Structures are given as C-alpha cells and as structure tokens.
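One structure below.
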Amino acid sequence: MELQDPAAGDAPSNEYDARTIEAQAQAYWNETRCFEADDAAAAANGDGKFYCLSMFMYPSGQMHMGHVRCYTLGDVIARYNRLKGKNVLQPVGWDAFGLPAENAAIQRNVPPAKWTYENIDTMRAQFKRLGFAIDWSREFATCDPGYYRWEQWMFNRLFRKGLVERKTTVVNWDPVDQTVLANEQVENGRGWRSGALIERREMPQWTLKITAYADELLDELDRMDGWPENVRAMQRNWIGRSHGVEIRFDVRGEGVAEGEQLAVYTTRPDTFMGCTYVAVAAEHPLAQLASERDPELAAFREACRQVKAAEEELATMEKLGRATDLVAIHPLTGAELPVYVANFVLMEYGSGAVMAVPGHDQRDWEFARKYDLPIVQVVAPKDESDEACDIDAAAYVSKDGVLVNSGPFDGLAFEAGFDAIAEALVAKGAGERQTNYRLRDWGVSRQRYWGCPIPMILCPTCGPVPVPDDQLPVELPTDVTFKGVSSPLKGPDFAEWRKVCCPECGGEAERETDTFDTFMESSWYYARYACADNDEVMLDARARHWCPVDQYVGGIEHAVLHLLYSRFYHKLLRDEGLVVGDEPFKRLLLLGMVNKDGKKMSKSAGNVVTPDELVDQFGADATRTFMMFGAPPDQTVEWSSSGVEGSVRFLKRLHGQATELMAGGAVPALEAGTLDEGLKTLRRKAHATVAKADDDFGRRQAFNTVVSAVMELSNEIGRCADDSPAGRAVRHEALTLATLVLSPIAPHLCHALWNLLGHAGALVDARWPEVDDSALARESVQLVVQVNGKVRSRVEAPAGADEDTVKAIALAEANVQRFMEGKTVRKVIHVPDRLLNIVVGG
RNA sequence: GCCGGAGUGGUGGAACUGGUAGACGCGCCGGAUUCAAAAUCCGGUCCCCGCAAGGGGGUGUGGGUUCGAUUCCCACCUCCGGCACCA
C-alpha cells in the first residue's frame, strides 16, 4: 500500500494526502515557534507548568523504532497537557559522548566530534518528520563544552565536599573497549557495549559517594507512586540494604599483634552459637600475614588473584579454601575457631570476612563437608510436624525455628535470638549492629577519549588537585588521530597537553587523562534544558521553576543505571541549592520494545524498519497512530505493516467524513434540545468519547484505547446518514470532538481538520473540550436480566428506574419466566441501569 | 534461589470500582462495485448443539469466597524481566 504522490498522479484534491497535510502543519509550527516554552509563565505559575521529557538519544546516525515509540508517547502526553491548558516544556538533546564515536574514528578515520555532529544533523532531520511538539531553542549536545564545563565545575565542588574520592579498587575491566565499567554496566559478566568477558583488575579511579545517599535513595522509593512498581523493586534490589551485626573476634597466632581483631558481618547473628570456623577473602590482611610463612597458602592466594573470571562464573565456581595457622576466639564461648582463606569471600562486601555456620548456611555446609569441619545444629524446627530438618543432609536455613545448643539463648525464635545475641556481643564490646548495602560507590573514570575530561591535576607533591574554576572547561581536544584503541590523550601527541603546573604548589604536574562515564552527562541534562542558554551558571532559577520533570518517558534498560544515577545526582544538585525538591522525575513511563516477527527489531535479526521509510510510505500520523494503537505503552508492541495500513484507513475515513460534511456547505448551529433518538445517540457517543479519552490520556495513560474510542466514534458518525440541518450539526460537533481528542496522536491531520471544519485559529491553541453532561444523559437504558447469575434476557427500562420497576419489566419476559417456573424467588440483586439478578431456588 | 510482571478468539489487544467476556484493529469468509484487479463499501467471524428461538461450554490448571469472578483469596503450571558467592 502506497500513499499517492501528488506530484506523480492526478489525485483528487479532497483525498487524504498525508504528505501535503504533514508538510503544511509542520511549516505552521515552525513559523509560529508555538512550541517554545514560556519561562516567565513557569516562574509565575508553578502549578500550570508541565515538563514532559523523553530520554535523550545517542546520536548513532539512525533513528530506530524505539525512538519513534518513546518520542511519540512523550509527544502525546505533552500535546494532551497543552490542550488541557498547561504551560508545556518538551525539549530534546543529544547524549553525545560514548564509545561508538571512537570506534568510527578507529575504523574509518573520522574524528569523533565530526562523526557525532554529522549524525546529530541526520537524526534531527529524521526526527523532525514525525512532527513532535518540541522546543528546539533549548537543544544541546552533551559534548558541547558549554554543557560539560558545568559537570566539571560540579565535580570540583563535590571533591571539596568530600563526595568524590580517588580509590584504588578492584574494578570491572573490559578488555575489548579497554576501559573500566561500573557494576551497573556489566551484564551477565560481560561488558554492556562490547559483550566482552569482564576481568577483575585493581586500578585507581574516581568515585562518587552514592553510598552516602543509599538510605535516602531507598526510602524515597516507597513514596514515588508515579513510578512503576517493577522499577522501584529493581532499585531496591540494587541498593540491597541489609541489617545485621558486625562481630569482632580476637585473633591468635604467630605474628598477630596483641589486641588484633577480625571483623565479620552477618545477617544471622541468631545462629552465632553454631559458628565453627571463620573465612577471610584472599586479599584480606590476615590472609596476607598467614601466607608469609606458608608457601602453599601464598600460591592459593595468588591463584585467587589471577582469576579474571566474570562474576557470573565466580558464582558457580568451585568453592575452595585453605586453612591458616591462625585461630579466632569465639567472643561468647571462648572457643578457638580455625581461620580459613576462601575464594568465595568478597573483599568488597562487609569486612572481607565471614563467620561460618555450616548447620544453617548451605554454602558454609558444603565447605565444612569438603574440609571436614564440624557442623553444629543451633536452630531446630518449632515442632516435630514442621518440615524435616536433617543437618547431615543439608543446612537448615529456615528462620522459623527456635534456638537449641545455644546456651542461654535456647528456645528463642529468630528475632528474639537476633536481638539477644546482638546485645550480648555489644555488652562484651565484641560487636555492633550494622547496616550494609550491596550498592557500591559509583566509579566514574573511563580510560577512553570521547568523554568529558575529568578536571583534575595529579601532582606528585600535592596529590590530586582540581583544575581551578576559572580555568574551566578543560576542553577535550577534538583534532585527534587514533593509533589503536587507546585514548589519544594518553599518547605521545598529547604529551604537552598533559603537562601542567600544579595550581597549589606550582610544580610540574600531569593532567588526568581519563574521562567521565557518560552517565555523568545524562544525570543532570533534564535540569539544564531549563536554562541551556546560560553560560554564567550551571543552573539558574528557571531550573527551580521547571523541575521536577512531570513526565519522564524512556526505556526499561535504564531502570537501575540512568534512573538511579539521576536520582542521586539530583540530590547532589539539591544539596548545592541548584534545584529544589528531592526527586527529578515525578511520573515515569517505561515503554516496552518494538518487535517485528516476534523478535526485537535489530540489524542482526534483519527485521529493521526505519522511521524514514514509514513516514514515506504511510505518513507520520499513521505511523504514530499505529504505534499508540498496537499495545499499551509498557508492553512490547508487535510492528505490523497491515496494522499501519489499518491506521491509514482510519485517518483517511475521518478525513473523508469531514470533507464530505463540509462539501455540503455551511453547517447550522446545533440545537441540542430538539434532536431525535438517532442524533442523540451520536451526540452521546461523541461526548462519552471525550470523557473516556480524558481519563485514558491523563490518569490511565492507555493511549491504545483512546485510538479505539475515536475509531468507534468515527464508525458511529459513518452510521449516521442524517443530512438534515440538525444531523449535519451533530456530525460537525462529533467530528470536531474527534479531531480534538485524536490531535495528540495524529497532530498533522487534526491540524488540517480543525480548519477544514471551519474553526478559527490553529488547533495548537485550542483547549480540551468540555463534556456536555446533558448529552450523556439517556431516557432509557438496556439492563441485563439474570436468573441465578445467568443472562436470560435484556430489557429496556427508564434510566434510573428503581428495583420494583425493573423487576416488573423483567418478570414479563418469557425467557425469564421459563427459568423461574415452579421456583421461589430467594433474592433479587439490582445494580441500577446495569443488571437485575433474580436468585431462585427450590 | 529471591524479587517484580504476565497468561483472554486465527492474531494485536478491550473489559478501569466484582456486574452483558472478546470492544477496536488485523486476518479470514461472503456480498456489492469493476471487463478484471487494486482501492472502497456492506454483512459475518470464540467453540459445541439447533432451521430458528434458544441452550450448553469458555479468560493457563485446581480449589475457595460471592447472587455473580478475566477481576478478590489459596495452591500449582508456564512464560517474560531483574537480581544472585552480598555473608
């Protein structure tokens, strides 16, 4: 199916011609700049503002259907809110730093900056064809120095506040992309971009103390009712707060200093009396100490260190350990417990050591079996009938039992046991209650070129020193040539660039050559749109007026990455007084994928449909309409070309109905009081459609049912053949309402229909229609009559009729009588205007 | 293993607060129009019995609550997504 090309054929001028209609509407929007948001109004009336944002795009060079879906959803919400009289801001920009630009540079010898800006131009052109209501005056790319300078400025403030640290830690190293990745960027042990198996390496890197905000980030989630539950659950999971006890053991053995202690973290202090050994990580200082006199242990530690395996493999790897000649003293019993070095203990979590209770932890149990360590049962099922507990077969991990073999703690249940043992440890000075998190500080150093330079100077005498604010931005040199995968900034061409004087001591120092993780840019871009033109400050009062984003739209893949970092960064900005409010995104809509032939659209699957070809073939409105109609926003939508053709047919029919009506000349005024039943029905449908669509757009965000509601209305209009003045007036009203309701979804056609129907001004300046309640009212309604819950008849009754009236009508029905024959009425349930259920028995 | 979500015609989905299951679209079948086709328009389309009126069954499975359950509760199955050596 092809739209007719007006240049190629002699299409009648009153046919629906998407190409012309869309070009005209877009020209109008561009010329009037009607989507440029009003800062002054946002400042004057905070309640009237509506900030609608779709996650910005990476300029890969090609827009894909995911972008179309995301931006169409955002645009529908933005346009609906404009109709509702809100002062709407909907900007776009480009998430422009990142690896693909470097890969292009390496493979094709194009400088990353040039590649990026050219891609932005290509994509902007594709993007504009879809007719989004965007304020283009605020557009920026994150690789603009005018943008990233503020990121550098903020970083330095955070450094001075102590929220930035340079730490040498075990990091995720991507051997293909030659860079460190954050935990959030490792998927199944592989780099999220390269797919390469991640190695563990020790490296100095810059980190942001997101853990300092862990509690706030977690607790706030409970109050964020504009966010989908699954995303909140994922973030809770990711932060992973647990409550437990830190227990300190005295340690004895050769070379152990007097008073030296070994700390472990446990969430099961209730089982502490069953602890039969302790295990430390290979990197733990005690492991180091013991290995100095034990070559085999030293070899074991070395083997652990050499493991470059992915975390996924670590989880399934054989649990190995080695005994040391050290002992730990159980603080409550005084027992001497052996200290093991074990490959499964993580130095990064807790204190890098664990107490082992093989009776009640499966991993400890397996380890104890393997190395022939004692297994003691300290928890027993509450009563015999409970689930079997055979400590010789497996650990008993249930928290439902009671303590046994635990001296003074015998008989206590989980919580009481937890508290009693925690208190006993505190009283002895051998422990404290502690909260732990799975969340780690955010490592932001990347060893790549195409990113925001980290504004730091490494001085051999003063250590790391921030580049003074008046020397910002540290501009990323763009005239570069790549020699291999490594950043040119680290190569000989930039030896001079790297050499600087230390701002503190004046001595010779080196610039940091790492760049920021690109999630740094995307963590605050939403706020910058409010004042993108300000080159004096990072954020001005306008950011306080426009933020938070009222509606954020994007992909589920960012559920923990971008959406957690932004929440964190927003709190950092808040604490600097740059924004107000605790959260950046009030309401969040995460969309499902776009599939074709049951598979995700991708180059490798060979099923890619490009937005350009769709707009050429079907028009922007039909593309947008099908995108909204195919499935609810959060579900996967199956792209179907016959489905889009259905949308074309629908738009064509609506256009035809309006054209035909207006061809009949001037439409008389509507006299609502004097309509016959048929016209009343059409009017009722029209106003019911407005009411339903209002709820669907605003509260439910069910845009698929908005489309079907307007389709139903159009079908109803088609059924009305009344060409009398009253008939034409009612159809005119119905078409006007259909146009308004559909306009957020198919804005070009509706722009044209608005004027075609004779309305003055432009549709973008129109307001959402008022529902005429009298149009919804009806004299009689159809009710369902059930006998014993089964539908036996449908009857007509006056609207609002009481039970007796409806009952009288229902009992007159032959089929109702048939099923009541010889039985007594036990009960009658009457749902006014809907249903009557007669319950009979006997 | 833990957490979150979903199972409805040939198909995408609708049924929002427990009240006519299958709206709307796609596909398919039949008809009109056409020399013919495309496009368009009209009618039909959950399954079974019946000429019909009507009846019976039906929302992953099994139970429960209720006058009434796709909707609420319990158990289970399947699928999707996330997390997972986290002590």
Side-chain angles (χ1 to χ4, degrees), chain A residues 1 4 187 228-238 240-242 244 264-268 278-279 311-317 319 342-346 348-357 361-364 367 397 436-440 556-557 559-560 592 595 625-626 629-632 634-647 649-650 652-653 656 692 695-696 699-700 702 704-715 718 782-794 814-815 818-819 826-831 834-841:
Chain A
M1 174 160 168
Q4 294 185 29
E187 295 169 351
E229 186 46 50
N230 60 340
V231 177
R232 291 192 276 168
M234 279 160 78
Q235 292 207 353
R236 277 189 201 105
N237 211 320
W238 191 267
R241 181 164 66 192
S242 72
V264 304
Y265 172 75
T266 180
T267 53
R268 290 296 304 273
V278 295
E311 294 213 12
E312 185 193 27
E313 283 175 44
L314 285 176
T316 50
M317 220 166 65
K319 309 296 179 278
N343 67 348
F344 61 83
V345 180
L346 304 172
E348 308 88 277
Y349 187 79
S351 56
V354 295
M355 71 174 204
V357 182
D361 180 283
Q362 191 57 28
R363 193 185 50 204
D364 294 347
F367 194 85
V397 297
N436 247 309
Y437 303 88
R438 208 190 76 100
L439 183 73
R440 309 287 159 76
I556 185 77
E557 67 274 19
V560 279
N595 278 12
T625 301
F626 180 72
F629 181 59
D634 54 346
Q635 276 178 42
T636 298
V637 67
E638 179 75 19
W639 188 261
S640 126
S641 53
S642 51
V644 206
E645 284 168 19
S647 292
R649 266 197 287 277
F650 161 57
K652 210 180 249 189
R653 189 172 63 226
K692 182 192 166 47
D695 191 44
D696 284 356
R699 181 182 62 89
R700 298 212 308 149
N704 52 331
T705 51
V706 171
V707 178
S708 46
V710 180
M711 283 173 170
E712 283 182 52
L713 176 55
S714 173
N715 290 345
Q782 198 187 58
L783 285 95
V784 165
V785 182
Q786 298 181 336
V787 179
N788 284 351
K790 289 198 182 279
V791 180
R792 295 305 175 192
S793 182
R794 290 173 177 84
N815 205 44
R818 213 179 113 200
F819 285 91
R826 308 242 156 165
K827 201 173 178 182
V828 175
I829 286 105
H830 177 231
V831 183
R834 301 208 72 151
L835 152 149
L836 187 81
N837 186 11
I838 303 166
V839 184
V840 296

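Labels below follow one simple rule: chain letters A, B, ... track the order of the sequence lines, proteins then strands, and each chain is numbered from 1. On a predicted model such as this, the values are computed, not experimentally measured, just so you know. Only heavy atoms go into these numbers, but all of them, side chains included; no hydrogens, no water, no symmetry mates.
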field: From A:Q635 atom CD to A:N704 atom CG, the distance as rounded to the nearest 0.5 Å
entry: 8.0 Å
- line: From the candidates B:rC24, B:rC83, B:rG25, the one with an atom nearest any side-chain atom of A:N237 is B:rC83
- request: Have a look at B:rG9 and give me syn or anti from its glycosidic angle (syn if within 90° of zero).
  value: syn
message: What's A:V345 touching, base or sugar-phosphate or nothing? Going by heavy atoms closer than 4.0 Å.
response: base
field: Inter-nucleotide P distance (B:rG22, B:rC74), Å rounded
entry: 29 Å
At a cut-off of 3.5 Å, list every protein nitrogen or oxygen paired with a nitrogen or oxygen from nucleotides 49-52 of chain B, distance to 0.1 Å.
none

- prompt: Between B:rU61 and B:rG9, how far is it from one P atom to the other, in whole Å?
  reply: 10 Å
- request: Return yes if the base of B:rC86 and the side-chain atoms of A:R440 contain a donor-acceptor N/O pair under 3.5 Å, otherwise no.
  value: yes
- prompt: Which base, if any, makes a Watson-Crick or G-U wobble pair with B:rG1, both distances under 3.5 Å?
  reply: B:rC83
- request: Mind checking A:P632 for me? I need base, sugar-phosphate or nothing, with any heavy atom below 4.0 Å counting as a touch.
  value: sugar-phosphate
message: To the nearest 0.5 Å, what is the distance between CZ on A:R649 and OG on A:S714?
response: 13.0 Å
message: Rounding to an integer number of angstrom, what distance separates B:rU11 and B:rG27 when you compare their C1' atoms?
response: 7 Å
query: Hey, does the side chain of A:R232 come within less than 4.0 Å of B:rG4's phosphate (OP1/OP2), counting only N and O?
result: no
task: Would you mind classifying the nucleic acid contact of A:R236 as base, sugar-phosphate or nothing, using non-hydrogen atoms under 4.0 angstrom?
output: nothing
message: Over all strands shown, is A:R818 touching base, sugar-phosphate only, or nothing at heavy-atom distances under 4.0 angstrom?
response: sugar-phosphate
task: Looking at every strand, decide which applies to A:G630 at a 4.0 Å heavy-atom threshold: base, sugar-phosphate, or nothing.
output: sugar-phosphate
- request: Check whether any side-chain nitrogen or oxygen of A:Y349 sits under 4.0 Å from OP1 or OP2 of B:rA87, and answer yes or no.
  value: yes
- request: Provide the distance between the two C1' atoms, one in B:rG68 and one in B:rA21, to the nearest whole Å.
  value: 14 Å
field: Distance, C1' atom - from B:rC86 to B:rC26, rounded to whole angstrom
entry: 49 Å
Interatomic distance, A:F626 CZ vs B:rC24 C1' [rounded to whole Å]: 13 Å
Euclidean distance for P, B:rU66 against B:rU71 (whole angstrom): 16 Å
- request: Could you measure between the two C1' atoms, the one in B:rA38 and the one in B:rU33, and give it in whole Å?
  value: 12 Å
Pairwise N/O distances under 3.5 Å, protein to nucleotides 63-70 of chain B:
from   : atom 1 : to     : atom 2 : distance (Å)
B:rC67 : OP1    : A:K827 : NZ     : 3.0
B:rC67 : O2     : A:N837 : ND2    : 2.5

- prompt: Distance from A:N788 atom CG to A:I838 atom CD1, nearest 0.5 Å?
  reply: 9.5 Å
With 3.5 Å as the limit, what N/O pairs link the protein to nucleotides 56-60 of chain B?
from   : atom 1 : to     : atom 2 : distance (Å)
B:rG56 : OP1    : A:R792 : NH2    : 3.3
B:rG56 : OP2    : A:R792 : NH1    : 3.0
B:rG57 : OP2    : A:K790 : NZ     : 3.2

query: Whom does B:rG7 pair with, Watson-Crick or G-U wobble, provided both distances fall under 3.5 Å?
result: B:rC77
query: Should A:Q635 be listed as having a side-chain N or O under 4.0 Å from OP1 or OP2 of B:rG13?
result: yes
task: Whole angstrom is fine here: how far is it from CD in A:E638 over to C1' in B:rU11?
output: 10 Å
query: RNA chain B: A:G646 or A:R700, which has the more 5' nearest nucleotide?
result: A:R700
query: What nucleic acid atoms does A:G350 come within less than 4.0 Å of, heavy atoms only: base, sugar-phosphate, or nothing?
result: nothing
- prompt: Do any side-chain nitrogens or oxygens of A:N815 fall under 4.0 Å of OP1 or OP2 in B:rG55?
  reply: yes
- request: Rounded to the nearest 0.5 Å, what's the gap from OG1 on A:T266 to CG on A:N436? Could you check?
  value: 10.5 Å
Ring centres under 6.0 angstrom apart (A:F367, A:F344): yes
message: For A:E229, is there an ion pair with A:R236 - N to carboxylate O distance below 4.0 angstrom?
response: yes
- request: Could you give the distance separating B:rG25 and B:rA15 at their P atoms, to the nearest angstrom?
  value: 16 Å
Base partner of B:rG30, which must satisfy Watson-Crick or wobble distances under 3.5 Å: B:rC42
message: Does a side-chain N or O of A:N704 approach OP1 or OP2 of B:rA14 to a distance below 4.0 Å, or not?
response: yes
- prompt: Touch check for A:R363, heavy atoms < 4.0 angstrom, all strands: base, sugar-phosphate only, or nothing?
  reply: base
- request: Look at all strands and tell whether A:S642 reaches a base, only sugar-phosphate, or nothing, counting heavy atoms closer than 4.0 Å.
  value: sugar-phosphate
- prompt: Any side-chain donor paired with an acceptor under 3.5 Å for A:R438 and A:N237?
  reply: no
- line: Answer for the Watson-Crick or wobble partner of B:rG19, both distances under 3.5 Å, is B:rC67
Distance, nearest 0.5 Å, that separates CZ of A:F626 from OG of A:S642: 7.5 Å
statement: By the Watson-Crick or G-U definition, both distances under 3.5 Å, B:rU59 is matched with none
message: Does A:D634 reach a base, just sugar-phosphate, or nothing at all? Heavy atoms under 4.0 Å.
response: nothing
